[in-house]
Every structure is written in structure tokens, then in C-alpha cells.
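Worksheet for the structure shown next.
Small disclaimer: the values here were computed from a predicted structure and weren't measured. Lettering of chains follows the sequences in order, A, B, ..., and the numbering in each one begins at 1.
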Amino acid sequence: MPELPEVEVLVRHLSPLLKNKTVRGLDVRRAKVLAPTTVTQLKSAVIGARFSGLARRGKYLVFELQQRSRRGSVFLLGHLGMTGRVYLARRGDPLPKHAAVVIDLGRQTLIFEDTRYFGRLTLDMTPLAKLGPEPLSPKFTPAYLAAKLKRSSQAIKVKLLDQSLVAGIGNIYASEALFRAGISPRLVARGLRPEQVRRLWRAIRQVLREAIRCGSTVPLSFSRRGKRDGLFYFGRAPNTSDYYAERLQVYGREGEACQVCGTRIRRAIQASRSTFYCPRCQRGPASRMRRKCRGKTS
DNA sequence: CACCATGTTCCTTG
DNA sequence: CCAAGGAACATGGT
């Protein structure tokens, strides 16, 4: 469940529930997700400590704990990878098959589960230093975006996945933002004109804000994926709710009609990952070329 | 068996 | 140093 909006909604949900809970014990069932922290290190850092805060940075979860008889905070960094989940369960509830870390809080347990084990729960905070600004913060300005893009010859879609440019955009919202900005995902980053940069800047913020609002206003199950999946990326609309059905306009919609112009949505591969776009609403270098060729030969 | 999947990091090649 | 591309990580769904 991993892009910025999903993590943000999770943090808002979990933060008050976790506050002041004390860690009684830790069951690490897949030590890999702690790396480079060891089981021993984690236990000595958090057992007996009390959760005092939870925040998000990019796609990362930042847990803050207070250790009794020790001044200062202990921080735990979480990342959900592609399939990670963090949720509270009751003590004694059956554990999911891929529970990686189970934190005993007394009556409740905090479960970090991750089917593919790409996620992390660690004391190593160094990944945060590499992140660019928060897209919804004042540090992320059109001028900043323009300056960064000017120095890149990567396709704009690929560049948006670069967490050092701006933190939190993933494969879904990169496609969505470009669609809303009317920019071809193949356009070379430095080739965006100033008004395109500004439209992209606005589209990024709009798409992320809307997704957070969607996740905040709809009841969600943060734990087990049912038919409905835990947090709110649904490859397809999970029910007939227009809310979900309309939320993603291009992602996962190859072959469907564009909601703006009716042209069929296409899928392309960029940097080994799928990009979804409307070839008409998002004309770029490729389609211009194709038209030119067609014009010459026919 | 084939292909696909919300992410990051590391390695090779140019 | 940079950029691009691919593989790796690991499991599951269709």
C-alpha cells in the first residue's frame, strides 16, 4: 500500500491509537526486514519504550518512542515496500502468514506484515537524508521543480519516481499526475516548458491531496486484505462506489476509454515499469513524430 | 508456464 | 560523474 497518500492515511489512523502504548515484547519472524538493524539491537532499543509519535516522510513511517529512564527519543523507520501493512490487532488474534514483526503492546499487538518482504522496520534512519522535499510542503515550489527538471534528461515519468526530486510519488500517482497535467510521460524532463512545469506541480499536489482525502473519508480496513484489500489502492474499483471508480483516471486502465476524450488508455514500459496515459490528452514527442511520419507517407 | 504487481538498491554498461 | 537498463529481493494473482 505504499505511496504517499496511503502512508499518510495510515499515519493519521494509527497515530492516536498507538500513542502511549508501551512495548512489552518483540517477535521478529523475518529478521531481514530489520536490516541493517539486528534483532538484539531493536529489542534493546524499544522494549519497555512508549510510543510518543508517528509521522510520515515520503513513503516512510517514522515511529517515535520514549525509553523510560533515558532521555531523548528512539526512532523506528518503517517502509511498506509494495505489499507491507502495519496495523493493530488483539492479542491472540491469528497471525497473518507473512507477519514479519509482531510488537506486543499488552492487550494489543502491532503487526508489521509484508507478503513480499520488501519492506523495512529498522533503527537505520539514513534513508531519510536522501529524500527530496515533501510535495505538499512549501519547500516544493514550481521554481524548485523547474530547476531540478532542467538538469535531467530522463523521461519525466521516470524522473517523478526519483525520491530525491520529491518524496512520496510512486508508479500510480506519477501516471495520474502526468495525465492531469496533460503531459506525455515520455517527454524529457528538461524539455518541459515553464507552464508545463507549473501544471505538473499543481497536478502532483492535487492528485496527492485528493487521494488523501479519499482515504480519509472512506472507512478502511488496515489489516487483512479481503475482497477489498486493506488500504486504498484497488487495482480496480472494489465496488460500485463512484468515489473509487473515478479516483484513478489512467492507472490500471489500459484499453479503457479516457474519461476526458474517449481515446483508449495505453500502457507503456518505462524503466521496467508500467506507465498508463492517454495518447491524445498527453501528446508528446512520440505522437508528434508519428503524425509527422504519417503525414509524409500518406 | 507466462506475465503482472503500490519499491528500492545495486550492478553493469555506455 | 551521469544516465539507462537490468537484476535482485520474494510471493502471489490471473
Phosphate contact (B:dG7 OP1 or OP2) by A:Lys59 side-chain N/O below 4.0 Å: yes

Can you work out whether A:Ser272 or A:Ser152 has the more 5'-proximal nearest nucleotide on DNA chain C? A:Ser152

Measure the distance from CG on A:Leu131 to P on B:dG7 and round it to the nearest whole Å. 14 Å

Atom CZ of residue position A:Arg209 - does it have more than 12 heavy atoms of other residues, nucleotides or ligands inside 6.0 Å? yes

Spacing between A:Leu61 atom CG and B:dT6 atom P, to the nearest angstrom: 19 Å

Over how many whole Å does the gap from A:Met82 atom CE to B:dC4 atom C1' extend? 10 Å

Report the nucleotide, chosen from B:dG7, C:dA4, B:dC4, that has the shortest atom-to-atom distance to any side-chain atom of A:Gln154. C:dA4

C:dG6 and B:dC4, which share atom name P, separated by this distance in whole Å: 13 Å

A:Tyr251 and its ring pair (Phe, Tyr, Trp, His ring centres under 6.0 Å) partner, picked from A:Phe179, A:Phe276, A:Tyr173: A:Phe276

Looking at A:Arg30, I'd like to know whether one of its side-chain N or O atoms comes within less than 4.0 Å of OP1 or OP2 on C:dT11. yes

Donor-acceptor contact present, side-chain A:Ser73 to main-chain A:Phe75, <3.5 Å: no

Can you tell me, in whole Å, how much space there is between the P of B:dT8 and that of C:dG12? 22 Å

Expressed in angstrom and rounded to an integer, what is the separation of A:Glu3 atom CD from B:dT8 atom C1'? 13 Å

A:Leu165 CG to C:dC2 P, in whole Å, measures 15 Å

Closest to the side chain of A:Ser153, out of C:dA4, C:dG12, B:dT8, is C:dA4

Can you tell me the Watson-Crick or wobble partner of B:dT6, both distances under 3.5 angstrom? none

Given C:dT11, B:dT8, B:dT6, the nucleotide with the shortest approach to the side chain of A:Thr115: C:dT11

Separation of atom CD in A:Glu8 from atom C1' in B:dT6, rounded to whole Å: 16 Å

State the pairing partner of C:dA10; accept Watson-Crick or G-U wobble contacts with both distances under 3.5 Å, and report none otherwise. none

Length of the line joining A:Asp124:CG and B:dT9:P, which is rounded to integer Å: 10 Å

OP1 or OP2 of B:dC4 under 4.0 Å from side-chain N/O of A:Arg273: no

Any donor and acceptor pair, going by atom type alone, linking the side chain of A:Glu254 with main-chain N or O of A:Arg266 inside 3.5 Å? no

Between the base of B:dA5 and the side chain of A:Arg116, is there any donor-acceptor pair under 3.5 Å? yes

Determine the Euclidean distance between corresponding C1' atoms of B:dT6 and C:dA3; express it in Å to zero decimal places. 25 Å

Under 4.0 Å, counting only non-hydrogen atoms across every strand here, what does A:Arg120 touch: a base, just sugar-phosphate, or nothing? nothing

Does the side-chain ring of A:Phe118 lie flat on the base of B:dT8, meaning centres under 5.5 Å and planes less than 30 degrees apart? no

Has A:Tyr251 got a side-chain N or O lying under 4.0 Å from the OP1 or OP2 atom of B:dT6? yes

Does A:Arg247 pair with A:Glu176 as a salt bridge, N-O distance under 4.0 Å? no

Does A:Lys130 or A:Phe276 map to a spot on DNA chain B nearer the 5' end, using the closest nucleotide for each? A:Phe276

Please round to the nearest 0.5 Å and tell me the distance separating atom CG of A:Leu95 and atom CZ of A:Arg29. 5.0 Å

